[in-house]
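Computed over heavy atoms, backbone and side chain alike; hydrogens, waters and symmetry mates excluded.
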Amino acid sequence: MMKYLTARIRANGPMSVAEYMKEVLTNPVSGYYMNRDVFGRDGDFITSPEVSQMFGELMGIWCINEWMKSGMPPSFQLVELGPGRGTLADDMLRTFAQFPSFGDKVSLHMVEVSPKLSKLQEEKLTGNPGMNVEVDVDSTPYKSVKSKHGPEVSWYKDLRDVPKGFSCYIANEFFDALPIFKFHKTDEGWREVMIDLNNRKPDEDEITAGQADADFRYVLAGGPTIASKTFLKHIEPEDPRNHVEVSPVGGVVVMELAKRIAEEGGFSLITDYGHNGDRTDTFRAFKNHKQHDALKDPGTADLTADVDFSYLCTMAKPNARAFGPLSQTEFLHNMGIVARLQMLIKNCEDEEKARTLISQYQMLTDPEKMGSRFKFMALLNSDIEKDYVPSGFIDLSQHKPYINESPKEE
């Protein structure tokens, strides 16, 4: 990866942060996500579904509740973007199986580009670690299998390949990995932040250690770029920030979700770490559960940036109404995680297991841990009743909905 990026920059000049991020994460040959299991304690980071089954169970209940409020359509597609190991989908399907009148109507559709991760998902959802379904890279879907919970599971490279129909679109820690462009405000206006080679002569220690003869560094574009002219139109002139990150790919995905919801029916539940349009420089890397230099050893660490939920909400209009973002603590408590915890503890025969459940609950909901850092956002058809609020998005302390709309629109 280092040699490839170095050759590209030498041939074409500085590259955008978005290009760098895309290559490092999803390059077919050596991309970070493409050929390894990056999740869990033995990986570089851990996600909420991997912490506790309660997370996926409550998201499953959310789907069932919204399906019922939508008039109980005869078929239901659960579509997950970036499904990780398949843990979240597995927990949701197990929850659906407890409601046969609903579970019999479900099919699961996984949007996944990584061959390694799709195999892990297949093993998780079938319960057969040795299973290896034939993959046809030229077909859509590129593989299908029947899950251990009953519903059929299909895999796709792109959201646009997923069949149309009434669907719930789930995205857990998906948008933070999509490529971003970085911009810095100067006296001459906004300038794009690029990645260039650090053209310094390596010292003897580096040569002895076998380090590459070029590192990377951030530089500012000398003038306006296509990206700076195109992707900053939503930034108000009075915005106080001098540094902005934009994910056009994330915007396109949300536009596609909103269009599908408007045309075919359904809803979306998005959870990620992020902000509501007030953060600045958040691009970073994680390796072995610790922060890592994003420009060092590309391909060996996860690259990520906080999600700008205000931008996603803007891109969802006019086809969808946005609710949130609200903290993971608030959403999970609103959905009844305490009651679910108490039920699991009541059925525990092992005190150590009970203590583990409590620890998992604290990890998910403690504001000092995952509780405040992760946010939830929902998208519903813009034609829903004005007073309608989806499950979990009521501020129970004030009995007010979490709706992401401007005062004028309200």
Side-chain angles (χ1 to χ4, degrees), residues 48-49 54-73 76-81 88-89 91-92 95-96 99 102 105-106 165-172 174-175 253-272 274 276 307 309-310 312-340 364-365 371 374-406 409-410:
S48 293
M54 293 184 285
F55 185 85
E57 290 171 347
L58 294 178
M59 291 185 74
I61 293 297
W62 187 89
C63 286
I64 295 171
N65 188 70
E66 294 308 313
W67 170 77
M68 293 176 66
K69 289 183 177 179
S70 300
M72 297 187 288
F76 181 91
Q77 294 187 154
L78 177 64
V79 182
E80 185 175 3
L81 312 181
L88 176 57
D91 288 338
M92 294 180 72
T95 302
F96 294 164
F99 303 85
F102 173 73
K105 299 174 173 60
V106 174
F166 188 93
S167 304
C168 175
Y169 302 93
I170 297 294
N172 177 64
F174 170 77
F175 284 92
V253 171
V254 165
M255 289 174 64
E256 176 69 16
L257 293 180
K259 179 182 177 182
R260 283 171 166 255
I261 290 170
E263 294 177 352
E264 303 293 328
F267 32 81
S268 178
L269 189 60
I270 298 167
T271 175
D272 226 309
N276 208 19
V307 176
F309 284 102
S310 66
L312 298 187
C313 291
T314 298
M315 300 305 289
K317 298 173 183 177
N319 289 321
R321 288 182 68 193
F323 296 80
L326 77 162
S327 72
Q328 182 164 293
T329 300
E330 294 168 299
F331 180 83
L332 294 180
H333 279 141
N334 288 352
M335 289 300 299
I337 190 171
V338 173
R340 180 56 179 155
L364 290 176
T365 62
F374 287 85
K375 307 290 192 299
F376 276 75
M377 184 178 91
L379 298 177
L380 273 69
N381 194 313
S382 58
D383 291 336
I384 60 172
E385 296 179 8
K386 182 174 178 58
D387 296 333
Y388 181 82
V389 180
S391 308
F393 286 84
I394 286 286
D395 182 348
L396 297 181
S397 64
Q398 301 184 37
H399 302 286
K400 293 181 179 180
Y402 291 94
I403 303 177
N404 200 301
E405 294 178 340
S406 67
E409 290 169 319
E410 289 177 345

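Among all heavy-atom pairs drawn from Tyr169 and Ser268, the shortest one is O-OG, 2.9 Å. Of all heavy-atom pairs spanning Ala258 and Ala320, the tightest one is CB-CB, 3.7 Å. Counting all heavy atoms, side chain and backbone alike, Pro49 lies closest to Asn172 at CD-ND2, 3.3 Å. When all heavy atoms of Thr365 and Leu332 are compared, the closest pair comes out as CG2-CD1, 4.2 Å. Pairing each heavy atom of Gly274 with each of Lys375, the nearest pair is O-NZ, 3.8 Å. Shortest non-hydrogen contact noted between Gly266 and Ile261 is O-CG2, 3.3 Å.
Take Thr271 and apply the side chain to side chain donor-acceptor pair (under 3.5 Å) test, not counting sequence neighbours, and it matches no residue. Residues forming a salt bridge (Lys or Arg N to Asp or Glu O under 4.0 Å) with Glu66 (at least two apart in sequence, or on another chain): none. Under the side chain to side chain donor-acceptor pair (under 3.5 Å) criterion, Ser48 pairs with Gln328, sequence neighbours left out. With sequence neighbours left out, Asp91 forms a side chain to side chain donor-acceptor pair (under 3.5 Å) with Arg94. Every residue two or more places apart in sequence or in another chain was checked for a side chain to side chain donor-acceptor pair (under 3.5 Å) with Glu80, and none qualifies. With sequence neighbours excluded, the residues forming a side chain to side chain contact (heavy atoms under 4.5 Å, CB included) with Met72 are Trp67, Met68, listed by chain and number. When the side chain to side chain contact (heavy atoms under 4.5 Å, CB included) test is applied to Leu269, the partners found at least two apart in sequence or on another chain are Met59, Trp62, Ile170, Phe331, Phe376, Ala378, Phe393. Every residue meeting the side chain to side chain contact (heavy atoms under 4.5 Å, CB included) condition with Asn65, not counting sequence neighbours, appears here in chain and number order: Lys69, Ser391. For Ala171, the side chain to side chain contact (heavy atoms under 4.5 Å, CB included) partners two or more places apart in sequence, or in a different chain, are Leu81, Phe174, Phe175, Ile270.
In this structure, the side chains of Met377 and Cys313 come closer than 4.5 Å at one or more pairs of heavy atoms.
Under the 30°/60° scheme for interplanar angles, the aromatic rings of Phe76 and Phe166 are found to be tilted.
One distance of note links SG of Cys63 with CZ of Phe99; it measures 12.0 Å at 0.5 Å rounding.
A donor-acceptor distance shorter than 3.5 angstrom exists from the side chain of Asn334 to the backbone of Ile394, with no hydrogens or angles considered. The backbone N or O of Val389 sits nowhere less than 3.5 Å from a side-chain atom of Arg321 that would complete a donor-acceptor pair.
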Criterion side chain to side chain contact (heavy atoms under 4.5 Å, CB included) on Ile61 and Thr95, from CA distance to verdict: CA-CA 7 Å; Ile61 293 297; Thr95 302; 3.9 Å; yes

